[in-house]
2 protein chains.
Amino acid sequence: MNKPSRIQRENRAAIASAAVREFSARGYHGATIDAIADKAGMSKPNLLYYFPSKEAIYRTVLEQIVEEWLSPLLSLDPDGDPVEELRRYISLKMKMSADRPEASRLFASEILAGAPILRDFLETRLKTLVDDKSAILRSWIADEKLAPIDPVHLIFMIWATTQHYADFEAQIDAVTGGASQQQGFQDQAAQAVLSILLNGIKPRPNA
Amino acid sequence: MNKPSRIQRENRAAIASAAVREFSARGYHGATIDAIADKAGMSKPNLLYYFPSKEAIYRTVLEQIVEEWLSPLLSLDPDGDPVEELRRYISLKMKMSADRPEASRLFASEILAGAPILRDFLETRLKTLVDDKSAILRSWIADEKLAPIDPVHLIFMIWATTQHYADFEAQIDAVTGGASQQQGFQDQAAQAVLSILLNGIKPRPNA
DNA sequence: CAAGATTTTGACCAAATGGTCGAATGTTGG
DNA sequence: CCAACATTCGACCATTTGGTCAAAATCTTG
């Protein structure tokens, strides 16, 4: 298994990109190797020359997505200003939703189905990360820099609200008459989410 | 098309219940008529005696779910106290997530896939309903009983946070070590969501 | 440029699956 | 009790689809 050739790099990348689009649009079972190969501009046996099976493609793209997903939370800085750190984190997640909606939907689809492939990752690396960052949030609360809110639920709420704009895009488009593609809409959404969440967690004097 | 017999009522109900479980667990394409028939306790041809096709089953259960989904928002009362009305609405949605997680996941799965079946419903009935309720929220904001937040985004945030507990149950279970089944967890979740959202939208004196 | 390695593909296979059909079985009203 | 009707199901079919294989085409390199 030496260094991959240019052709290998290009084709693997084309397949991964096509697979994310296809899996996110049709789900694991709805996606077909033929369709992915078509989108990647090659024949099915050719695609299977690069990946041994449909599930292998799925695993590969899921792993790539999961790594991206982790990074914003990783960078939550215990020494920063709590509200500013959370503002930055939420903004980053909103941007990811806007920039890579298919990736978000593929991840969502895997979790919806009960996380058959990602369960182990969720129970180990993600759990550890959430435990770590919860401790930071708890210390901020102890210092009365945040309202006393269960940190785990705060993290869930941030995930829920930010990813909603990618995962439920079809619903949002329908309800808003298709506004969600425009730049203005994204800024509006980010502003509303930031406003509610940040106001919701700022320490309240009389409580 | 006379009144259905007892057998018809029972079998149709059994099929619908089995279909919700099967479709929500495996997605539209992953679900098989055989599996639904098994769960409903009958043979595949027998099931197809009650529904003409897989898609017909899917449409039927989706429609039932969508009707349930609408009702809590319908009851938002323009003459009630804004914060109390929203507290009631959010609590209702949290309870639906806890009580019928499969239904929530089936709905989510349809939207994730681009709402091929529900698009029309979303663009007509749901859009109208959201427009109506947005007007109520706007009037509350005008009366300074709520912070000035785009009503549509507030509604999206409520949907996102409440449905997250059903749709991403696998992730929540993994991260919390399986706590989400317990009653205490549900109460905790509801409290956190209510606290952040309600504090997030209460009018702020100096803004 | 030739030989070996890499990449590509048409043809094919086996399993899964949505759906049909006719015969058998059960139910019900007169 | 029986005739008409409703319900159930084993056997079957056609299509889709994940995956294989051997041969052809292309690329790389000494």
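All values below come from the heavy atoms of this structure, side chains included, with hydrogens, waters and symmetry mates left out. Just so we're on the same page: letters track the sequence lines, and every chain starts at 1.
Out of D/dG10, C/dT8, D/dG19, the shortest distance to the side chain of B/P45 is found at D/dG10. Candidate nucleotides C/dT9, D/dG19, C/dG18 were compared by shortest atom distance to the side chain of A/K44, and D/dG19 ranks first. Of all nucleotides listed (D/dT7, C/dT20, D/dC9), D/dT7 comes nearest to the side chain of B/I7. In the set C/dG18, C/dG19, D/dT8, C/dG18 carries the atom at the smallest distance from any side-chain atom of B/T32.
Here A/Y49 does not reach the OP1 or OP2 of C/dT8: none of its side-chain N or O atoms lies under 4.0 Å away. Taking only side-chain nitrogens and oxygens, B/N46 never comes nearer than 4.0 Å to OP1 or OP2 of D/dG10. B/Q8 has no side-chain polar atom (N or O) that falls below the 4.0 Å cut-off from OP1 or OP2 of D/dA6.
Between A/R9 atom CZ and C/dT6 atom P there is a gap of 16 Å when expressed in whole angstrom units. If you measure from atom OH of A/Y50 to atom P of C/dT8, you get 4 Å, rounded to the nearest angstrom. Distance, A/E10 CD to D/dC27 P: 12 Å, rounded to whole Å. As rounded to whole Å, 12 Å separates atom P of C/dT8 from atom CZ of A/R12. Protein atom CZ of B/F51 is 13 Å distant from nucleotide atom P of C/dG19, rounded to whole Å. B/R26 places its CZ atom 14 Å from the P atom of C/dA16, with the value rounded to the nearest Å. For the pair B/L48 CG and D/dC12 C1', the computed distance is 14 Å after rounding to whole Å. Atom CZ of B/R6 is separated from atom C1' of D/dA6 by 12 Å (rounded to the nearest Å).
Residue A/A31 is classed as a sugar-phosphate contact, given heavy-atom separations below 4.0 Å to backbone atoms only. Nucleic acid contact for A/I33: sugar-phosphate only, since backbone atoms but no base atoms lie under 4.0 Å from a heavy atom of the residue. Counting non-hydrogen atoms under 4.0 angstrom, A/A56 reaches nothing in the nucleic acid.
Position along DNA chain C of the nearest nucleotide to A/M42 versus B/P52 favours A/M42 as the more 5'-ward residue.
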For a side chain to side chain contact (heavy atoms under 4.5 Å, CB included) check, start with the C-alpha distance between B/W69 and B/L126, then their side-chain angles and the critical distance, and finish with the verdict. CA-CA 10 Å; B/W69 246 233; B/L126 185 63; over 6 Å; no
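Ring geometry for A/F156 versus B/Y165: interplanar angle over 60°, hence perpendicular rather than tilted (30 to 60°).
Residue A/K54 places no side-chain atom within donor-acceptor reach of the base of D/dG19, judged by atom type and a 3.5 Å distance cut-off alone.
Put simply, the side chain of B/E102 never gets that close to the backbone of B/R21: no donor and acceptor are under 3.5 Å apart.
Aromatic rings of B/F23 and B/H29 (six-membered ring for Trp) have centroids beyond the 6.0 Å cut-off, not under it.
Between A/R125 and A/E67 there is a salt bridge, since at least one side-chain N of the basic residue sits less than 4.0 Å from a carboxylate O of the acidic one.
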